[in-house]
Amino acid sequence: MGPHPAVAAIRLAVRRVLHDILNEHPPLSPGEQPLVLVACSGGADSMALASALAFEAPKLGMRAGGITVDHGLQNGSDTRAEDVVLRLTALGLSPAESVAVHVGRDGGPEAAARDARYAALDSCADRLGAAAILLGHTRDDQAETVLLGLARGSGIRSLSGMAPVSGGPGAVRRYRRPFLQLDRQTARKACLVQHLPVWDDPHNTDPAYTRSRLRHEGLPALEKALGKGVVEALARTAQLSRDDADALDAWAAQAAESVRDAAGLLECAKLYALPPAVRRRILRRAAIEAGAPAGALFARHIEEVDRLITGWRGQGEINLPGKVVAQRQGGRLVIRQG
């Protein structure tokens with residue numbers, strides 16, 4: 001008799017990702033075993049992921065390790081982190097470590113915690129020489145991310161949600177999300193049938209957090225109004241949007257050089273001739289290269305710069321984040337430090 005369907009599903013998802021990692025990071029010498037880490041909070045999603053990694057990695061000649069991040073945002077968080085390390089060790093993961101971080105305030109509590117967490121994971125991966133880090137985001141998380149992007153009104157890149165594979169500093173494809181096609185209930189069921197203890201983060205039900213309100217109020221309301229297929233449809237929207245956004249990014253990268261003059265300045269007439277989606281990508285990239293922080297550069301900023309090309313009436317320079325200014329000079333668009 002085979003494993004429970006939920007367990008079989010999580011193991012298959014992890015096995016596919018491990019094969020991808022092996023293809024990209026083949027052993028450099030006989031007997032070498034690439035290390036793959038799981039980022040584990042102790043919640044159902046990441047505990048299910050840890051259990052599947054512990055089961056599948058040795059069969060492919062890979063080592064499985066785990067990292068839990070102590071954000072220090074709740075009393076006893078250090079004790080909980082130690083408990084997660086014990087759970088990871090019991091599953092057979094080695095190394096299994098806890099890392100404490102300081103969460104700042106930039107961008108709000110959720111963004112600050114996320115930034116601190118990824119910085120810690122990157123540091124651990126570098127120190128341990130890990131080939132990849134697995135993250136337990138599910139299809140439900142993807143649906144929430146798409147809705148949050150829709151609420152921001154910031155274009156199809158936001159609607160594309162989380163990528164199955166994404167990078168970290170110096171590691172273009174470090175992060176892997178095996179569960180983006182699985183729902184949250186499958187992960188929880190896998191923990192239940194394997195008798196894995198699960199810790200439910202109180203932040204996940206705290207209405208002070210936007211994602212928590214969306215999870216417990218917004219999505220259930222949408223499902224009530226539109227039917228149970230909303231989460232799956234939103235996840236599908238994410239993939240379709242990602243494909244479109246990738247294609248437009250590639251087009252913009254190719255077009256970027258053709259709209260510059262011999263001195264490297266952007267020519268307004270050539271920019272004007274491009275489709276808006278391509279032109280705005282070129283403008284955004286130029287602003288970032290001039291020193292504008294990507295996280296602070298919003299659609300409204302790019303629209304203002306775009307009007308220097310499409311709605312030129314002699315306007316003055318446009319101030320952008322990072323003390324960057326954009327202005328039109330003699331048919332050229334100059335984006336520079338102010």
Side-chain angles (χ1 to χ4, degrees), residues 1-18 36-60 62-71 74 76-99 113 117 121 132-145 162 164 175-206 209 211-212 215-216 219-220 228 231-232 235:
M1 183 176 173
H4 186 278
V7 176
I10 64 169
R11 288 178 178 175
L12 176 59
V14 168
R15 191 182 318 140
R16 286 172 170 164
V17 167
L18 292 181
V36 177
L37 300 172
V38 58
C40 186
S41 67
D45 303 340
S46 57
M47 281 301 295
L49 183 57
S51 71
L53 177 62
F55 182 83
E56 294 291 341
K59 299 198 305 186
L60 294 174
M62 304 173 81
R63 290 188 296 137
I67 303 293
T68 189
V69 178
D70 174 13
H71 297 86
Q74 301 159 357
S77 64
D78 54 341
T79 303
R80 181 194 59 77
E82 291 171 8
D83 185 51
V84 173
V85 169
L86 291 175
R87 295 180 195 179
L88 295 175
T89 302
L91 286 170
L93 272 65
S94 178
E97 299 182 5
S98 166
V99 182
R117 179 166 60 253
L121 292 173
I133 302 175
L134 306 189
L135 304 174
H137 298 118
T138 64
R139 190 168 67 188
D140 301 76
D141 295 307
Q142 185 72 301
E144 293 160 10
T145 302
M162 294 175 285
Y175 292 102
R176 314 285 172 134
R177 297 176 174 87
F179 288 176
L180 284 184
Q181 301 302 318
L182 299 178
D183 60 27
R184 193 172 285 145
Q185 199 54 44
T186 298
R188 188 167 285 276
K189 186 69 175 177
C191 289
L192 182 67
V193 299
Q194 294 180 103
H195 308 292
L196 296 175
V198 168
W199 175 76
D200 289 312
D201 187 345
H203 282 166
N204 290 338
T205 55
D206 187 343
Y209 292 89
R211 188 178 284 269
S212 174
R215 180 173 301 177
H216 297 285
L219 263 174
K228 285 289 184 184
V231 167
E232 185 176 355

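Being a predicted model, the structure only gives us computed values, none of them experimental.
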Minimum heavy-atom separation for [X] and [Y], please, with both atom names.
| X | Y | answer |
| --- | --- | --- |
| Ala39 | Leu135 | CB-CD2, 3.6 Å |
| Leu37 | Gly66 | CD2-N, 4.1 Å |
| Ala96 | Thr89 | CB-OG1, 3.7 Å |
| Thr186 | Ala9 | CG2-CB, 4.2 Å |
| Arg176 | Pro178 | O-CD, 3.3 Å |
| Phe179 | Gly136 | CD1-O, 4.3 Å |

Would you mind reporting whether [Y] and [X] have side-chain heavy atoms less than 4.5 Å apart?
| X | Y | result |
| --- | --- | --- |
| Thr145 | Arg211 | yes |
| Tyr175 | Leu121 | yes |
| His137 | Leu180 | yes |
| Gln181 | Arg16 | no |
| Leu18 | Leu53 | yes |

Donor-acceptor pair, distance only, cut-off 3.5 Å: does the side chain of [X] make one with the backbone of [Y]?
| X | Y | result |
| --- | --- | --- |
| Thr68 | Cys40 | yes |
| Asp70 | Ala81 | no |
| Gln142 | Met162 | yes |

**OP:** Sequence neighbours left out, what passes salt bridge (Lys or Arg N to Asp or Glu O under 4.0 Å) with Asp83? Give chain and number order.
**Re:** Arg87
Give, for atom [atom1] of [X] and atom [atom2] of [Y], the distance between the pair rounded to the nearest 0.5 Å.
| X | Y | atom1 | atom2 | value |
| --- | --- | --- | --- | --- |
| Leu88 | Ser98 | CG | OG | 10.0 Å |
| Thr138 | Glu144 | OG1 | CD | 7.0 Å |
| Leu182 | Asp141 | CG | CG | 11.5 Å |
| Ile133 | Arg177 | CD1 | CZ | 10.5 Å |
| Ile67 | Glu97 | CD1 | CD | 4.5 Å |

**OP:** Given side-chain contact (heavy atoms from CB on, under 4.5 Å), test Arg11 with Lys59 step by step and report yes or no.
**Re:** CA-CA 12 Å; Arg11 288 178 178 175; Lys59 299 198 305 186; over 6 Å; no
**OP:** Please list, chain by chain and in numerical order, all residues satisfying side-chain hydrogen bond (donor to acceptor under 3.5 Å, both in side chains) with Arg139, sequence neighbours excluded.
**Re:** none
**OP:** Report the C-alpha distance between Leu196 and Leu91 in whole Å, list the side-chain angles of each, state the deciding distance to 0.1 Å, and finish with yes or no for side-chain contact (heavy atoms from CB on, under 4.5 Å).
**Re:** CA-CA 9 Å; Leu196 296 175; Leu91 286 170; 3.8 Å; yes
Subject >> Note: Asp183-Arg188 ion pair, threshold 4.0 Å (strictly below) >> reply: no
Taking only distance into account, with no hydrogens and no angle test, what donor-acceptor pairs under 3.5 Å do side-chain atoms of residues 41-52 form with protein atoms, sequence neighbours excluded?
residue : atom : partner : partner atom : Å
Ser41   : OG   : Gly43   : N            : 3.1
Ser41   : OG   : Ser46   : OG           : 3.3
Ser46   : OG   : Ser41   : N            : 3.0
Ser51   : OG   : Ala48   : O            : 2.7
Ser51   : OG   : Gln194  : NE2          : 3.2

